[in-house]
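Heads up: the structure comes next, in structure tokens.
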Amino acid sequence: MPATYPLEKFRNIGIIAHIDAGKTTTTERILFYTGKTHRLGSVDEGNTVTDWMEQERERGITIVSAAVTAEWKDHLINVIDTPGHIDFTAEVQRSLRVLDGGVVVFDAVQGVEPQSETVWRQADRYGVPRICFINKMDRIGASFERSLESIRVRLGANPIAMQLPIGAESGFQGIIDLLEQKAIIWEEETGAKPTVGDIPADLQAQAKEWRERMVEGIAETDDSLTHKYLEGQEISIAELKAALRKAVIEGKANAVFCGSSLKNRGVQPVLDAVIDYLPSPLDIPAVQGIDPRSEETVERHAKNEEPLSALVFKIVADPFVGRLAYFRVYSGKIVKGGSVYNSTKKNRERIGRLIRMYADRREEIEEVVAGDIGAVIGLKNSFTGDTLCDETKQIILESISFPEPVISIAVEPKTNADQDKMAEALHRLAEEDPTFRVQTDAETGQTVISGMGELHLDILVDRMMREFKVAATVGRPRVAYRETITRPVEKAEMRYVKQSGGRGQYGHAILKMEPSEPGSGISFENKIVGGAIPKEYIPAIEKGVREASEAGVVGGYPVTDIAVTLYDGSFHEVDSNEMAFKMAGSMAFKEGMRIGKAVLMEPVMKVEVTIPEDYLGDIVGQLSARRGEIQGMEPRQGGVQSVRAMVPLAEMFGYATELRSATQGRGAFTMEFDHYSQVSANLAEELIQAN
């Protein structure tokens, strides 16, 4: 590998898709064709490079995003293979935050699937340019046109087909390159040496029609080409490529390719497309952040000469080398043996060993330059979302936001010797995964762990037992209920007065409380005027409010989605102190909960069940019996129906087994958290008694 590549030759890309669309197999083929591996790994055989964890190989799914680096046509490509299962959506989110481009993989039979939509929206949020790869063209029921249409309709995208498949299903042999007007056939088993020739005679008319559509689609994204196209002038391949690259980077279009990664067909043109159409670090806008000292917005351009700005996007707890931090450098460079400043935590960090990751293998390097992704061993206080920068030119980059956990289980060590080991293991796993929470139940003394789903927690417990050698027993899953108010509270007033020989305690706070947007948590605003409460006591009142919100008044569950405003109160010259005002804030908040008619809220999941048509009635009945609201149904290829519903999480435990039994193992479902919804009065009563 050359010591350094010019910035325009860098590509930081993610392979993103629904579970089982073929992301890991596609990544394997990329590594093989770029000369990084000398054998074709298989997910089924558990010998792929990027699915290196035992849990991934056993289950045949990706759990953690893995970074690998490859070279193709004098370009350096950092590839991140991301998970497709919704329980590990945080892995996709943090990868997209630092990537410049993405290859979205679709199953040619299913088209756009639920998680395809989720990752597409995440990529929209971070403004990540994408190209599409319609995989599994060799499967029965595969359809390039139908998949293309589902991208247009379900994602609201502007897909431009750059290829046409030659043959279908078991007869799939290769593709027609519409841009170059050539046929590419993969005859040799490994697919390393495709044959390039003329378009078969029986496909020439179809290829001509599709090329015309492609040219029109590209021309529409560029004013000068639109004029040329309307005037009937010939548009050169170079002009089409340049216009399409610009359109993809600006998010106006998505170039679409097809193939079969498993059968080693169609991957090399996707690698060419990564170089031709996805951005280098120079093509994306300068990164923006806040100067923590002046609070002003500052920019950093992707240049080694600029002051350092880098974002830590992933922490890995490695039992052998300790904590490993993945980071993306946006400007400047990080040098082995140097020091950096963590502007988020306000402390210095020394750079020990710098490494380039190759899934679970490492290659020691001397520096990581602007635009590149690397990892470092030995950072003590830097975690996911922290900014590393130059201490004299500080910047804080936008962090990464993660969804709140929705499911909890209790874990108990089997012996006293396991107690400390378990605490250490859970601490290390929580550092690594921002959607994993650990807390101790004040009433029972149990350790409670929370995450994004049953599979998420199952994997983490399995890792705790295997990697950290902890023997533990696991309780039944529990739902993360919440409490909130149903009506505004104009005045929630409490005085905390305590008089006991000598100096007393006096705190008086008056709050206004209103229901706020779902997912907004607890917001606190100070509107005290005229010094009714001295400024130094305001943080104590906020602390009291936040502590009180940790256990509500209905069933002792955490409180959420309330806007709290402190607007009046009083103090005593001698007896007032922070403790008294903290108590007053806490008591006023609880009083407001009572006045505001607090209710219990439960997480509701967006569920999509895919089943053969014969079982449709049974499955709709199953979901309705689980308090599900059917949102819609949609026929899929091959006599398959997709049912979309909103179902409370509490009703989804054990559903996988019930679905398999009802459909003879032919049904599958995906679910992801959607919103919190009020629990009915009789169910709330049951929960409160059980709690």
Side-chain angles (χ1 to χ4, degrees), residues 403-410 435 437 439-444 446 448-454 457 475-490 492 511-524 544-564 585-607 623-629 631 645-655 671-691:
E404 286 293 310
V406 293
I407 183 171
S408 306
I409 55 173
T435 58
R437 306 281 163 78
Q439 61 205 71
T440 305
D441 188 308
E443 290 175 19
T444 63
Q446 285 180 308
V448 177
I449 59 174
S450 308
M452 299 307 297
E454 286 182 272
L457 293 180
R476 286 192 61 219
R478 297 190 308 187
V479 176
Y481 291 101
R482 295 282 183 268
E483 294 181 26
T484 193
I485 54 175
T486 52
R487 64 184 192 189
V489 177
E490 290 303 320
L511 306 176
K512 180 182 175 185
M513 292 163 60
E514 294 175 299
S516 59
E517 288 289 308
S520 59
I522 302 289
S523 65
F524 181 88
V545 165
R546 294 198 181 279
E547 282 186 12
S549 73
E550 288 170 13
V553 299
V554 182
Y557 294 102
V559 181
T560 189
D561 303 341
I562 299 179
V564 180
S586 174
M587 289 159 64
F589 182 80
K590 294 212 165 173
E591 178 64 14
M593 288 288 290
R594 290 187 191 93
I595 300 168
K597 296 280 188 238
V599 291
L600 215 52
M601 309 282 283
E602 65 180 343
V604 175
M605 312 302 281
K606 185 163 70 177
V607 177
L623 292 171
S624 300
R626 289 173 177 263
R627 295 194 285 132
E629 281 181 30
Q631 304 281 302
M646 292 290 179
V647 191
L649 174 63
E651 303 292 340
M652 289 303 293
F653 295 135
Y655 182 61
M671 70 173 182
E672 63 178 297
F673 171 69
D674 192 79
H675 65 280
Y676 269 93
S677 173
Q678 187 176 333
V679 176
S680 64
N682 59 341
L683 188 62
E685 193 61 42
E686 283 177 36
L687 288 167
I688 292 160
Q689 284 174 4
N691 200 35

When you measure from the side chain of Glu483 to the backbone N and O of Val553, does any donor-acceptor pair fall under 3.5 Å? yes
Closer than 3.5 angstrom, by distance alone: can the side chain of Arg487 be matched with the main-chain N or O of Ile595 as a donor-acceptor pair? yes
So CG of Asp674 and CD of Gln631: to nearest 0.5 Å the spacing works out to 8.0 Å
Scanning both residues in full, the closest heavy-atom pair of Pro488 with Glu514 reads CB-CG, 4.2 Å
Rounded to the nearest 0.5 angstrom, the CG-OH distance for Leu649 and Tyr655 is 14.5 Å
Heavy-atom closest pair (Ala684 atom, Val679 atom, distance to 0.1 Å) is N-CG1, 3.6 Å
Between Ser523 and Ala563, the two heavy atoms sitting closest are OG-CA, 3.3 Å
So side-chain hydrogen bond (donor to acceptor under 3.5 Å, both in side chains) across residues 592-605, not counting sequence neighbours, yields Glu602-Arg627
CD1 of Ile522 to CZ of Arg546, rounded to nearest 0.5 Å, is 7.0 Å
Heavy atoms of Ala480 and Tyr676 approach each other most closely as O-OH, 2.8 Å
Value for CD1 (Ile562) from OG1 (Thr484), rounded to nearest 0.5 Å, stands at 4.0 Å
Q. Under 3.5 Å, side chain of Arg482 to main-chain N/O of Thr560, donor-acceptor pair present?
A. no
### Task
For Ser516 and Asp561, indicate whether the former's side chain and the latter's backbone hold a donor-acceptor pair under 3.5 Å.
yes
Output for pair (Gln439 CD, Ser450 OG), nearest 0.5 Å, gives 5.0 Å
Scanning both residues in full, the closest heavy-atom pair of Phe589 with Ala548 reads CD2-CB, 3.7 Å
Separation between OG1 (Thr486) and CE (Met601), nearest 0.5 Å, reads 10.0 Å
